[in-house]
Protein chains: 2
Amino acid sequence: MARPRTFDEERALDAAMRAFWANGYEATSTQDLCEATGLGRSSIYNTFTSKHDLFRRALARYIDVMSVPQAEILEDAERPGLERIRALFARIVDTEFDYREDDERSIGCLTVNTVVELARRDPEAAALVERDLDFRLGLLRVALEAGRRDGTVTTGRDPDTLARFINATIGGMRVSAQAGAGRAVLESIADTALDALRP
Amino acid sequence: MARPRTFDEERALDAAMRAFWANGYEATSTQDLCEATGLGRSSIYNTFTSKHDLFRRALARYIDVMSVPQAEILEDAERPGLERIRALFARIVDTEFDYREDDERSIGCLTVNTVVELARRDPEAAALVERDLDFRLGLLRVALEAGRRDGTVTTGRDPDTLARFINATIGGMRVSAQAGAGRAVLESIADTALDALRP
DNA sequence: GAAGTATTGGATAGGCCAGTACAAAATATG
DNA sequence: CATATTTTGTACTGGCCTATCCAATACTTC
């Protein structure tokens with residue numbers, strides 16, 4: 001019925017996500033977004049209405065994309081509970097090194113970056129992140145409860161507290177990675193955190 | 001010999017620090033800095049040369065101000081090693097609640113915020129933060145080694161690894177606070193982390 | 001092939017950005 | 001009190017920012 005798009009909306013969204021992820025919301029201009037996606041301004045505004053809306057969608061996509069494999073790991077009934085947490089840590093470390101610009105520093109995690117840069121003044125972003133937090137805490141509790149049942153998690157602390165702790169550890173690893181920590185350091189942080197699950 | 005200043009440079013720097021801390025570097029305009037400090041543009045540029053330079057000084061001041069009490073805690077020979085770490089955690093929690101805007105969300109830690117927002121593209125800021133990281137890791141090692149000697153830290157992991165872990169935990173607590181965690185949650189994260197020191 | 005419709009590129013708008021220019025004001029020194 | 005010197009307020013600059021406008025384009029349907 002009319003002229004069709006010459007670009008793939010999801011690819012564009014991915015490119016925008018990468019730009020926000022690597023540079024932050026404020027430091028990414030609409031011009032940057034045009035260059036990152038390869039689209040013109042018109043196409044961007046026609047498709048995504050505003051920079052803020054594009055960010056919202058990019059963040060939502062990031063959360064969706066990242067949570068699938070994490071859920072798979074944490075709900076993997078084949079593995080003991082503690083091993084699921086260990087595998088999650090390993091995945092976190094891998095992503096910190098897989099997704100990188102030319103730079104030697106990690107670009108971190110868009111969710112963490114958003115919490116730090118935007119959560120206080122952007123209620124929509126805060127809501128997305130909070131929803132994701134609840135979801136991930138739930139997944140962690142599942143794995144921790146499994147660990148308690150199968151004897152790999154022996155601490156007396158309740159799964160809720162432990163889930164918060166594991167989640168905080170992941171945040172700390174991501175900040176450490178952005179501060180320049182290498183693979184060995186991240187792995188040792190993860191290993192040490194696991195000690196708290198079987199004291 | 002000439003007209004004297006009508007403002008206190010340190011007070012102005014403090015106000016600017018608070019502004020950057022609460023809102024981030026990019027989202028804080030020079031206009032915001034004028035309002036926060038109560039100074040006119042001329043006074044700001046006359047005293048601090050540029051927004052970036054003002055930020056650099058604000059960050060340096062933040063690091064200085066924060067590290068003094070933390071060093072005191074971690075080097076306090078009266079306390080066993082583990083208790084020093086515990087006291088440090090308690091202080092982190094307190095600061096997350098002491099320094100707050102009207103908001104119900106924490107403004108976090110300027111160092112962490114800087115790592116996340118700026119470290120990748122601002123080498124000066126990155127250098128300040130890295131220097132501070134080395135300093136704090138050193139303090140943590142001191143306390144952890146003391147803990148090993150006095151028997152309160154019983155884990156077999158080496159102090160360097162443990163220092164990284166404790167530091168990451170603090171980062172994770174700060175991100176959690178910015179994501180909306182309350183006092184009880186932060187305290188439980190800290191308590192759980194301590195479990196890793198005496199497995 | 002004509003009509004209708006959505007996309008696209010380029011120009012543009014209005015505002016805010018960091019930073020500067022300059023003159024008026026204020027004070028220490030002589 | 002005069003002079004030298006610094007601070008301060010105001011106005012301004014050039015540029016980049018997000019967002020819009022509009023005409024040209026390209027495609028689908030009839």
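Note that this is a predicted model, so its numbers are computed, not measured. A, B, ... follow the sequence lines: proteins, then strands. Residue 1 opens every chain.
Of the two residues contacting DNA chain C, namely A:Gly38 and B:His52, the nearest-nucleotide position lying further toward the 5' end is that of A:Gly38.
We find that CZ of A:Phe48 is positioned 11 Å from P of C:dT8, with the value rounded to whole Å. Nucleotide C:dC16 holds its P atom 15 Å from the NZ atom of A:Lys51, rounded to whole Å. Atom OH of B:Tyr45 and atom P of D:dT10 are 17 Å apart (whole Å). Rounded to an integer number of Å, the gap from CG of A:Asp32 to C1' of D:dC17 is 11 Å. We find that CD of A:Glu35 is positioned 14 Å from P of C:dG9, with the value rounded to whole Å. What separates CG of B:Asn46 from P of C:dG19 is a distance of 14 Å, to the nearest Å. Computed from coordinates, the B:Leu33 CG to C:dG19 C1' distance equals 13 Å when rounded to whole Å.
Judged by distance alone, with hydrogens and angles left aside, the side-chain atoms of B:Arg148 form no donor-acceptor pair with the main-chain N or O of B:Pro159 at under 3.5 Å.
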Its contact letters, B for base, S for sugar-phosphate only and - for none at protein heavy atoms under 4.0 Å, make nucleotides 22-30 of chain D read ---BBBSS-
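Scored by the ring-ring contact (aromatic ring centres under 6.0 Å, His included) test, B:Phe20 finds B:Tyr25, B:Phe55 as partners (sequence neighbours excluded). Under the salt bridge (charged side-chain N to carboxylate O under 4.0 Å, His left out) criterion, B:Arg157 pairs with A:Asp195, sequence neighbours left out. Judged as a ring-ring contact (aromatic ring centres under 6.0 Å, His included), and not counting sequence neighbours, the contacts of A:Tyr99 are A:Trp21. Residues passing the salt bridge (charged side-chain N to carboxylate O under 4.0 Å, His left out) test with A:Arg174, sequence neighbours excluded: A:Glu96. In this structure, the side-chain contact (heavy atoms from CB on, under 4.5 Å) partners of B:Arg57, at least two apart in sequence or on a different chain, are B:Glu9, B:Leu13, B:Phe48. For B:Glu10, the side-chain contact (heavy atoms from CB on, under 4.5 Å) partners two or more places apart in sequence, or in a different chain, are B:Asp8, B:Arg61.
Remark: nothing in residues 16-31 of chain B comes within less than 4.0 Å of DNA chain D through any heavy atom.
For C:dT8, the OP1/OP2 oxygens have a side-chain nitrogen or oxygen of A:Ser43 closer than 4.0 Å.
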Side chains of residues 125-135 of chain A: which donor-acceptor pairs under 3.5 Å do they make with residues two or more places apart or in other chains?
| residue | atom | partner | partner atom | Å |
| --- | --- | --- | --- | --- |
| A:Asp132 | OD2 | A:Arg136 | NE | 3.1 |
| A:Asp132 | OD2 | A:Arg136 | NH2 | 3.3 |

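A donor-acceptor contact under 3.5 Å is formed by the side chain of B:Arg41 with the base of C:dG19.
Residue contacts shown for A:Phe7 are limited to sugar-phosphate atoms, with no base heavy atom under 4.0 Å away.
Comparing D:dT8, C:dT8, D:dT18 against the side chain of A:Arg5 picks out C:dT8 as the nearest.
Between the side chains of A:Thr30 and A:Arg41, a donor-acceptor pair is found at a separation under 3.5 Å.
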